[in-house]
Number of protein chains: 2
Amino acid sequence: MKTPTRSAKPAVRPSALQAESLQHTRREHASETAEDYVEAIADLSASQGEARVVDLARRLGVTHVTVNRTLARLQREGYVSVRPYRAIFLTDSGRKLAAECHHRHGIVVAFLQSLGIPEKAAEIDAEGIEHHVSPVTLAAFAKHLNR
Amino acid sequence: MKTPTRSAKPAVRPSALQAESLQHTRREHASETAEDYVEAIADLSASQGEARVVDLARRLGVTHVTVNRTLARLQREGYVSVRPYRAIFLTDSGRKLAAECHHRHGIVVAFLQSLGIPEKAAEIDAEGIEHHVSPVTLAAFAKHLNR
DNA sequence: AATAAAATGTAGCTAAGGCTACATAATGTA
DNA sequence: TACATTATGTAGCCTTAGCTACATTTTATT
């Protein structure tokens, strides 16, 4: 792939695909937090009846301060409903996102394990990988599982 | 990024593993940028003889300002050598990291393609996924390729 | 050599996502 | 009920990583 010299003006931007992929990845990073939070909230709500700030902090490995500020953002974005000193609830939109993430997470973990990767390693890698698995790739993973 | 001290709660639920995985992922995010930069610098140096700020900016899909500031950090961290208005060079450490990333990237892309994922989608997903592929998982990918 | 253009650098803004320290509300218990 | 503990909230700081606008240096062209 040729990139023009400093004197020549590129007619078509080279490295277009790389730049595009990287920008795509950066955009995904912005929604990773939301995904982690809604999934944790859904899990906690199911297992404990409600999701509290402390539980989320413990679950996500951050302080309650970080949880607090992030919840404010997620509320702004319409994923959760928060009231001072009360439990945290998912909106419809949040529940939908949580379900998608849960589904995808399960497939990614199962797929990695099907390759012989031990459960703990699969869990750790899946946590990082899952946010970057496109529908096409997810389908390929699922298909591989059902062979 | 330090683990918040929590009061000793009895039940150590799987939240421990999840928190661990998430912290791990956040740590990886910190090095993603470094990986993307050194790989781009290595590529540009090989293909053009030198890596310049503009080329990096185009390649990474950001402005030259962002490149500039990031290069300062990478120099601080010992991956690159930068002098005003001059080309950018990798240190030994930077070259080593670039080689690792290049190797890993190739395996991830090939692996995804081997699952039937079209090249472009494989490239895009790989860009996000590769930074989160542990040595164990990378080995599993490679093994799957050599069947 | 003078000028135009491109590349690089700098100042300062934004936002996310970490944190500590401290303040207040809610809850459990003596 | 009073008090201690836990949970939650707030203030303010840090770093990364984007950006625009503008300044300076280098390179190209006339």
Side-chain angles (χ1 to χ4, degrees), chain A residues 3-10 13 19 22-37 40-41 44 48 50-77 79-80 82-89 131, chain B residues 1-10 19 22-37 40-41 44 48 50-77 79-89 131:
Chain A
T3 303
T5 59
R6 303 211 290 140
S7 50
K9 175 90 187 218
R13 65 289 146 180
L22 290 167
Q23 289 175 326
H24 181 86
T25 301
R26 286 196 295 272
R27 251 175 278 122
E28 285 173 337
H29 281 169
S31 43
E32 277 187 42
T33 305
E35 297 189 350
D36 290 337
Y37 274 69
I41 293 166
L44 287 168
Q48 329 263 116
E50 62 176 20
R52 311 294 306 227
V53 172
V54 224
D55 303 321
L56 274 175
R58 187 164 38 233
R59 172 79 153 241
L60 300 166
V62 298
T63 64
H64 79 277
V65 183
T66 300
V67 169
N68 237 333
R69 192 165 22 58
T70 303
L71 286 176
R73 177 170 76 83
L74 295 185
Q75 182 163 46
R76 228 191 303 138
E77 293 172 358
Y79 292 117
V80 304
V82 180
R83 277 182 317 162
Y85 298 102
R86 294 293 151 81
I88 299 134
F89 295 102
H131 303 288
Chain B
M1 195 183 310
K2 151 183 173 189
T3 306
T5 46
R6 292 259 97 255
S7 50
K9 255 252 166 132
L22 289 168
Q23 288 177 327
H24 180 84
T25 300
R26 285 195 296 270
R27 249 174 278 122
E28 285 173 337
H29 281 171
S31 43
E32 275 187 44
T33 307
E35 296 189 349
D36 290 338
Y37 274 69
I41 294 166
L44 288 168
Q48 336 249 135
E50 62 176 21
R52 313 288 315 207
V53 172
V54 222
D55 303 321
L56 275 175
R58 186 163 40 227
R59 173 78 152 243
L60 300 166
V62 297
T63 65
H64 79 278
V65 183
T66 300
V67 169
N68 235 332
R69 190 164 25 57
T70 303
L71 285 176
R73 176 170 76 86
L74 296 184
Q75 181 163 49
R76 230 192 302 138
E77 293 172 357
Y79 291 117
V80 304
S81 158
V82 180
R83 277 181 317 162
Y85 297 101
R86 292 295 147 79
I88 299 133
F89 295 102
H131 303 287

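Every heavy atom of this structure was used, including side-chain atoms; hydrogens, water molecules and symmetry mates were not. Computed from a prediction, not measured in an experiment: that's the story for all the values here. Proteins come first, then strands; the chains are lettered A, B, ... in the order of their sequence lines, and each starts at number 1.
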Visitor: In this structure, how many angstroms lie between the C1' atom of C:dA7 and the CD1 atom of B:Ile88, rounded?
Guide: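 Going from B:Ile88 (CD1) to C:dA7 (C1'), I get 11 Å.
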
Visitor: Measure from the side-chain heavy atoms of B:Arg76 and tell me the nearest of D:dT16, C:dA16, C:dG9.
Guide: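 Nearest nucleotide to the side chain: D:dT16.
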
Visitor: State the OG1-CG distance between A:Thr33 and A:Leu60, to the nearest 0.5 angstrom.
Guide: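 Between atom OG1 of A:Thr33 and atom CG of A:Leu60 there are 9.5 Å.
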
Visitor: Using five pairs at either end of the helix from C:dA1-D:dT30 to C:dA30-D:dT1, determine the angle between the two local helix axes and round it to 10 degrees.
Guide: 0°

Visitor: Where is the tightest heavy-atom contact between A:Arg73 and A:Ala30, given as atom of each residue plus distance?
Guide: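 Heavy atoms only, the tightest pair is NH2-O, 4.0 Å.
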
Visitor: On a heavy-atom basis, which atom in B:Leu56 and which in B:Ala40 lie closest, and how many Å separate them?
Guide: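 Nearest heavy atoms, B:Leu56 then B:Ala40: CD2-CB, 3.6 Å.
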
Visitor: In this structure, how many angstroms lie between the P atom of C:dA16 and the CD atom of A:Glu77, rounded?
Guide: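 Value for this atom pair: 7 Å.
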
Visitor: Using OP1 and OP2 only, check whether a side-chain N or O of A:Arg58 sits under 4.0 Å from D:dA7.
Guide: no

Visitor: For B:Val82, does its backbone N or O pair with a side-chain atom of B:Gln75 as donor and acceptor, under 3.5 Å?
Guide: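 At least one qualifying donor-acceptor pair exists.
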
Visitor: Please figure out whether A:Val53 or B:Glu32 has its closest DNA chain D nucleotide nearer the 5' end.
Guide: A:Val53

Visitor: Write down the distance between CZ (A:Arg83) and C1' (C:dA26), rounded to a whole number of angstrom.
Guide: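 After rounding, the gap between these two atoms is 15 Å.
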
Visitor: Please check: side-chain N/O of B:Gln23 versus main-chain N/O of A:Gly61, any donor-acceptor pairing under 3.5 Å?
Guide: yes

Visitor: Would you tell me if any nitrogen or oxygen in the side chain of A:Asn68 comes within less than 4.0 Å of OP1 or OP2 on D:dT8?
Guide: no

Visitor: Between P on D:dT27 and CD on B:Glu50, what's the gap in Å once rounded to a whole number?
Guide: 10 Å

Visitor: A:Arg52 CZ to D:dG9 C1': how many Å, rounded?
Guide: 13 Å

Visitor: What is the distance, rounded to the nearest whole Å, between atom CG of B:Asp36 and atom P of D:dT16?
Guide: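 Value for this atom pair: 16 Å.
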
Visitor: Starting at CZ of A:Arg73 and ending at C1' of C:dA15, how long is that distance when rounded to a whole Å?
Guide: 9 Å

Visitor: As a test of understanding, state which of B:Arg52, B:Arg58, B:Arg59 forms a salt bridge (charged side-chain N to carboxylate O under 4.0 Å, His left out) with B:Asp55.
Guide: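 Exactly one option meets the salt bridge (charged side-chain N to carboxylate O under 4.0 Å, His left out) with B:Asp55, and it is B:Arg58.
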
Visitor: Closest approach of A:Ala57 and A:Thr63, non-hydrogen atoms and distance?
Guide: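 What the structure gives for the nearest pair is CB-C, 3.9 Å.
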
Visitor: Using heavy-atom distances to pick each residue's nearest nucleotide on DNA chain D, tell me which of B:Arg86 and A:Pro84 is more 5'.
Guide: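 Looking at the nearest nucleotide for each, A:Pro84 comes out on the 5' side.
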
Visitor: Can you see which heavy atom on A:Glu32 is nearest to which on B:His29, and at what distance?
Guide: OE1-CE1, 3.0 Å

Visitor: Report the distance from atom CG of B:Leu74 to atom C1' of D:dA17, rounded to the nearest whole Å.
Guide: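 Going from B:Leu74 (CG) to D:dA17 (C1'), I get 12 Å.
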
Visitor: Tabulate protein N/O versus nucleotide N/O from nucleotides 18-21 of chain D, keeping only pairs under 3.5 Å, one per line.
Guide:
unit_1	atom_1	unit_2	atom_2	d
D:dG18	OP1	A:Arg26	NE	3.4
D:dG18	N7	B:Arg69	NH2	2.6
D:dG18	O6	B:Arg69	NH2	3.2
D:dC19	OP2	B:Thr63	N	2.9
D:dC19	OP2	B:Thr63	OG1	3.1
D:dC19	OP2	B:Thr66	OG1	3.2

Visitor: So if I take every side-chain heavy atom of A:Tyr85 and compare against C:dA16, C:dA25, C:dG9, which nucleotide ends up nearest?
Guide: C:dA25

Visitor: At their closest point, which heavy atom of B:Thr66 faces which heavy atom of B:Tyr37, and how far apart are they?
Guide: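 Between these two residues, the closest heavy atoms are O-OH, 3.9 Å.
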
